[in-house]
Enquirer: 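Shown below is the structure under consideration.
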Amino acid sequence: MTENETMTPRDFIRMAVEEDIRTSRFGGRVHTRFPPEPNGYLHIGHAKAMAIDFGVAKDYGGKCNLRFDDTNPAKEEDEYVQAIIEDVRWLGHDFGDTIFYASDYFDQMYAWAEQLVRQGQAYVDDLSADEIREYRGTLTEPGKNSPYRDRSVEENLDLLRRMRAGEFPAGSRVLRAKIDMASPNINLRDPVMYRIVHAPHHRTGDKWHIYPMYDWAHGLEDSIEGITHSLCDLGYEDHRPLYDWFLDALGIYHPQQIEFARLNLTRTVLSKRFLLRLVNEGHVRGWDDPRMPTLRGLRRRGYTPEVIADFLNRVGVAKANSVVDIALLEYCVREDLNERAPRAMAVLEPLKVVITNYPEDQVEYFDVPNHPQKPEMGTRQVPFSRVVYIEQEDFMEEPAPKYFRLAPGREVRLVGAYYITCIGVVKDTNGNIVELHATYDPASRGGATPDGRKVKGTIHWVSAAHALDAEVRMYDYLFTKDDPGDVPEGQDFMANLNPASLVILPNAKVEPNLAGTQPGDRYQFMRKGYFCTDPDTAEGKLVFNLTVSLRDSWAKVQQQ
RNA sequence: UGGGGCGUGGCCAAGCUGGUAAGGCAAUGGACUUUGAAUCCAUGUAUCGCACGUUCGAGUCGUGCCGCCCCAGCCA
């Protein structure tokens, strides 16, 4: 394998980075950063940004800083800082042993602000927020200068210092860059650099009464850390001129900002605001609900960091806004779990089957492989007895065409055990099937007969006398449409919420080998899907989450 | 009617200095099968948004047009 094959395929960002290395633009260095704001939990969209930020650094022997962009104390909390660190670690990204905080640079940023004031490139504006908006103009009309735009350097300096000292009420004044109120790029119409906020900061406490705006702060943070490539999403494309302007005005080290398209997934919403609503309005059980696209949700759902990395790798990096089919993500988990998940038998919706010709109190143990294609994963002993449970859907009193599971008079194989033939159906007074009677063929022991006859159906089972009770949580998409935002006028994505995104199966029966399972353990429940043990599992109470179902070609046949 | 981006098969996405369209997912057949899983084999007529133009030759260059996304927070 050549070195190239071990690297992520070249995308336009890597090509630009390679060019900069070739020309020694930054002395051949590559240093990126992942700058989350600690005001929420990370989701798979952030995972893409991280794959790029950390991935580029790794590919070129550089570094990537984990930096909290904590410039707005009103929204940020330490709780999020801890959660984000945990998630970044979980994904396995290497951020060295230093965690960076924008707030550590507040003194330096402030000094630079005074420099801009002294250079006549920043001024204190007394206009109200509403007035500033009015003066800004519109997309098609230029803005106009604030009456405070031409204050003297001395007055600006004095006012700025008093702003910092906390002499003025919140919102009464701002520091603005003096650029061009007529710029076609609205970001350049004298952007606000500092606003007055009297709120304690999670790290600096009550030291500050003014806090820097993103555009002013971000480039400075990058510059201070010696970042070479500041990778961000398309939304910042027209902020780049401003990023460049501040750095040039200050005459300090100047990184290159490059933008890429963020990740969008079908059946998924990824905006913090929407995710927050799902949680607050109780549509999910929390940020780590297995239906959530948050990293915590995916983790609890049974996804691995490797799967997420593989998925992101397949998605690629480009500048076109796109929506990735969630089927690709599911393909990635299935591929991974098919390799590593040991098989187990679990009957999700049990139907009792009495094997009438099987000795009353006999128990046999069958040696069942943990993985059909991987003998090295070993085998396990699965008990078999006279009464077993099979899946309700594996029996049809009046079998549909092409249905080749159990039906009256029909013979099927119980995986790894025996062939059984249904000889009777027991119903309750309402006509519901409550039990089946069957006979087994002793010659089919182990799942095959000497005469080599074939059975069309093979189903899974669990011995009633040995089964463990379990709760199985079946998950489906949170939304019923590929595009959750595809709603009638006046409605929002809540209109597409899937009422059946969580279906709890409280009476599942699983094989006894699952007794000691620990949260996070993953299995393939044969013929059903991949499942993982939920943290809600406790002594005497097993809880499993569906990670993803197996491909089901029978379901397709049925639909036709 | 301002500015910034993007537009390659159903969904992503390669395509570097022009030479005549990778790959993956999805879908569809079939083989195999003690998971209707996995695996294997096979299947795509893509007006490369459109139109002119340059050229022996354009997805790649030029011009014009169309469509979609983003920007008017003292959020990031």
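Chain A is the first sequence line, chain B the second, and so forth, proteins listed ahead of strands; every chain is numbered from 1.
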Enquirer: Can you tell me the distance, in whole Å, between the CG atom of A:Asp238 and the P atom of B:G73?
Expert: 13 Å
Enquirer: Looking only at atom C1', what distance separates B:A51 and B:G19, rounded to whole Å?
Expert: 23 Å
Enquirer: Between B:A31 and B:G49, how far apart are the C1' atoms? Round to whole Å, please.
Expert: 42 Å
Enquirer: Does B:G67 have a Watson-Crick or wobble mate here (both distances under 3.5 Å), and if so which one?
Expert: B:C6
Enquirer: Under 4.0 angstrom, heavy atoms only, what part of the nucleic acid is A:Arg405 near: base, sugar-phosphate, or nothing?
Expert: base
Enquirer: Would you mind reading off the distance between A:Phe404 atom CZ and B:U33 atom P, rounded to a whole angstrom?
Expert: 13 Å
Enquirer: Can you tell which of B:A76, B:G2, B:A26 lies closest to the side chain of A:Ile186?
Expert: B:G2
Enquirer: Would A:Gln381 and A:Asp367 count as a side-chain hydrogen bond (donor to acceptor under 3.5 Å, both in side chains) here? Give the steps.
Expert: CA-CA 5 Å; A:Gln381 296 279 300; A:Asp367 213 30; 2.8 Å; yes
Enquirer: Let me know the distance between CG of A:Asn264 and P of B:C12, rounded to the nearest Å.
Expert: 9 Å
Enquirer: Going through the distances and angles, do A:Asp483 and A:Val323 end up as a side-chain contact (heavy atoms from CB on, under 4.5 Å)?
Expert: CA-CA 9 Å; A:Asp483 174 10; A:Val323 183; over 6 Å; no
Enquirer: Strictly below 4.0 Å: does A:Arg314 bring a side-chain N or O up to OP1 or OP2 of B:A13?
Expert: no
Enquirer: Nearest-nucleotide wise, let me know which of A:Val324 and A:Gly416 is further upstream toward the 5' end of RNA chain B.
Expert: A:Val324
Enquirer: Take atom CZ of A:Phe260 and atom C1' of B:G5, then tell me their distance rounded to the nearest Å.
Expert: 15 Å
Enquirer: With sugar-phosphate meaning primed atoms plus P, OP1 and OP2, does A:Tyr236 contact a base, only sugar-phosphate, or nothing at under 4.0 Å between heavy atoms?
Expert: base
Enquirer: In whole Å, what separates the P atom of B:C12 from that of B:C70?
Expert: 16 Å
Enquirer: Any donor-acceptor pair under 3.5 Å linking the side-chain atoms of A:Asp130 with those of A:Ser128?
Expert: no
Enquirer: If you check the A:Leu234 side chain, which of B:G5, B:C25, B:A76 turns out closest?
Expert: B:G5
Enquirer: Which value, in whole Å, describes the distance between the C1' atoms of nucleotides B:U28 and B:C71?
Expert: 44 Å
Enquirer: Name the pairing partner of B:A27, where a pair is Watson-Crick or G-U wobble with both distances under 3.5 Å, or state none.
Expert: B:U43
Enquirer: Consider the side chain of A:Leu550, meaning its heavy atoms from C-beta on, and name the nucleotide among B:A76, B:A37, B:G2 that approaches it most closely.
Expert: B:A37
Enquirer: Side chain of A:Ala129 only, please: which of B:A72, B:C74, B:C70 is the nearest?
Expert: B:C74
Enquirer: If you only use heavy atoms from C-beta on, which nucleotide in B:C12, B:C75, B:A38 is closest to the side chain of A:Glu37?
Expert: B:C75
Enquirer: Output the rounded distance in Å from CG (A:Asp130) to C1' (B:C74).
Expert: 11 Å
Enquirer: On RNA chain B, nearest-nucleotide positions of A:Tyr403 versus A:Thr138: which is more 5'?
Expert: A:Tyr403
Enquirer: If you look at every strand shown and take non-hydrogen atoms under 4.0 Å, does A:Ile132 touch a base, only sugar-phosphate, or nothing?
Expert: base
Enquirer: Of the options A:Trp461, A:Tyr419, A:Tyr418, which is the one that meets A:Tyr440 in a ring pair (Phe, Tyr, Trp, His ring centres under 6.0 Å)?
Expert: A:Tyr418
Enquirer: Just confirming the chi classification of B:G30, syn or anti, using 90° around 0 as the syn window.
Expert: anti
Enquirer: As a test of reading the structure: which of B:A72, B:G5, B:A13 is closest to the side chain of A:Ala320, going by heavy atoms?
Expert: B:A13
Enquirer: Out of the candidates A:Lys528, A:Arg413, A:Arg405, only one should pair with A:Asp394 under the salt bridge (Lys or Arg N to Asp or Glu O under 4.0 Å) rule; please name it.
Expert: A:Arg405
Enquirer: Measure from the side-chain heavy atoms of A:Arg136 and tell me the nearest of B:G73, B:A38, B:A76.
Expert: B:G73
Enquirer: Can you tell me, in whole Å, how much space there is between the C1' of B:A46 and that of B:A21?
Expert: 8 Å
Enquirer: When we call it a touch if two heavy atoms are under 4.0 Å apart, what does A:His218 touch: a base, just sugar-phosphate, or nothing?
Expert: nothing
Enquirer: What does A:Arg189 touch in the nucleic acid at a heavy-atom separation under 4.0 angstrom: a base, only the sugar-phosphate, or nothing?
Expert: nothing
Enquirer: Select base, sugar-phosphate, or nothing to describe what A:Pro73 touches, counting heavy atoms under 4.0 Å on all strands.
Expert: nothing
Enquirer: Sticking with atom C1', work out how far B:A76 lies from B:G7, rounded to a whole angstrom.
Expert: 28 Å
Enquirer: Base, sugar-phosphate, or nothing for A:Gly316, non-hydrogen atoms under 4.0 angstrom?
Expert: nothing
Enquirer: With a non-hydrogen cut-off below 4.0 angstrom, is A:Pro372 in contact with a base, only sugar-phosphate, or nothing?
Expert: base
Enquirer: Which part of the nucleic acid, if any, lies within reach of A:Leu328 when heavy atoms closer than 4.0 Å are counted: base, sugar-phosphate only, or nothing?
Expert: sugar-phosphate
Enquirer: Return the CD1 to CD distance between A:Ile227 and A:Gln257, rounded to the nearest 0.5 Å.
Expert: 12.5 Å
Enquirer: What integer distance in Å separates A:Asn72:CG from B:G73:P?
Expert: 16 Å
Enquirer: So if I take every side-chain heavy atom of A:Tyr331 and compare against B:A26, B:C75, B:G73, which nucleotide ends up nearest?
Expert: B:A26
Enquirer: I need the CD-C1' distance between A:Glu330 and B:A26, as an integer number of Å.
Expert: 11 Å
Enquirer: Considering only the P atoms, how many Å lie between B:U54 and B:U60, rounded to the nearest integer?
Expert: 15 Å
Enquirer: Classify the side-chain pair A:Asp222/A:Tyr243 by whether it contains a donor and acceptor separated by less than 3.5 Å.
Expert: yes
Enquirer: Heavy atoms only, 4.0 Å cut-off, all strands: where does A:Leu127 land among base, sugar-phosphate and nothing?
Expert: base
Enquirer: Looking at A:Thr140, I'd like to know whether one of its side-chain N or O atoms comes within less than 4.0 Å of OP1 or OP2 on B:G3.
Expert: no
Enquirer: Quick one: look up who B:C32 pairs with, Watson-Crick or G-U, both distances under 3.5 Å, and put none if it's unpaired.
Expert: none
Enquirer: Would you mind classifying the nucleic acid contact of A:Val455 as base, sugar-phosphate or nothing, using non-hydrogen atoms under 4.0 angstrom?
Expert: nothing
Enquirer: For A:Tyr41 and A:Tyr80, I'd like to know if the aromatic rings sit close, meaning centre-to-centre distance below 6.0 Å.
Expert: yes
Enquirer: Look at all strands and tell whether A:Val174 reaches a base, only sugar-phosphate, or nothing, counting heavy atoms closer than 4.0 Å.
Expert: base
Enquirer: Check this for me: does the side-chain of A:Gln373 come within 3.5 Å of the base of B:A37 through a donor and an acceptor?
Expert: yes
Enquirer: Do A:Phe493 and A:Phe479 make the cut of ring centroids closer than 6.0 angstrom?
Expert: yes
Enquirer: OP1 or OP2 of B:A38 less than 4.0 angstrom from a side-chain nitrogen or oxygen of A:Lys374, does that happen here?
Expert: no
Enquirer: Please pick, from B:G24, B:A27, B:C12, the nucleotide with the shortest atom-to-atom distance to any side-chain atom of A:Val323.
Expert: B:C12
Enquirer: Categorize A:Arg551 for me: base, sugar-phosphate, or nothing, with a 4.0 angstrom heavy-atom threshold over every strand shown.
Expert: sugar-phosphate
Enquirer: What contact category does A:Lys402 fall into here, base, sugar-phosphate, or nothing, at under 4.0 angstrom with non-hydrogen atoms?
Expert: base
Enquirer: When you compare B:G15 with B:C61, how far apart are their C1' atoms, in angstrom units rounded to a whole number?
Expert: 16 Å
Enquirer: Rounded to the nearest angstrom, tell me the gap between atom CG in A:Asn313 and atom P in B:A14.
Expert: 12 Å
Enquirer: Where the side chain of A:Pro184 is defined as all heavy atoms beyond and including C-beta, which of B:G15, B:C69, B:G3 is the nearest nucleotide?
Expert: B:G3
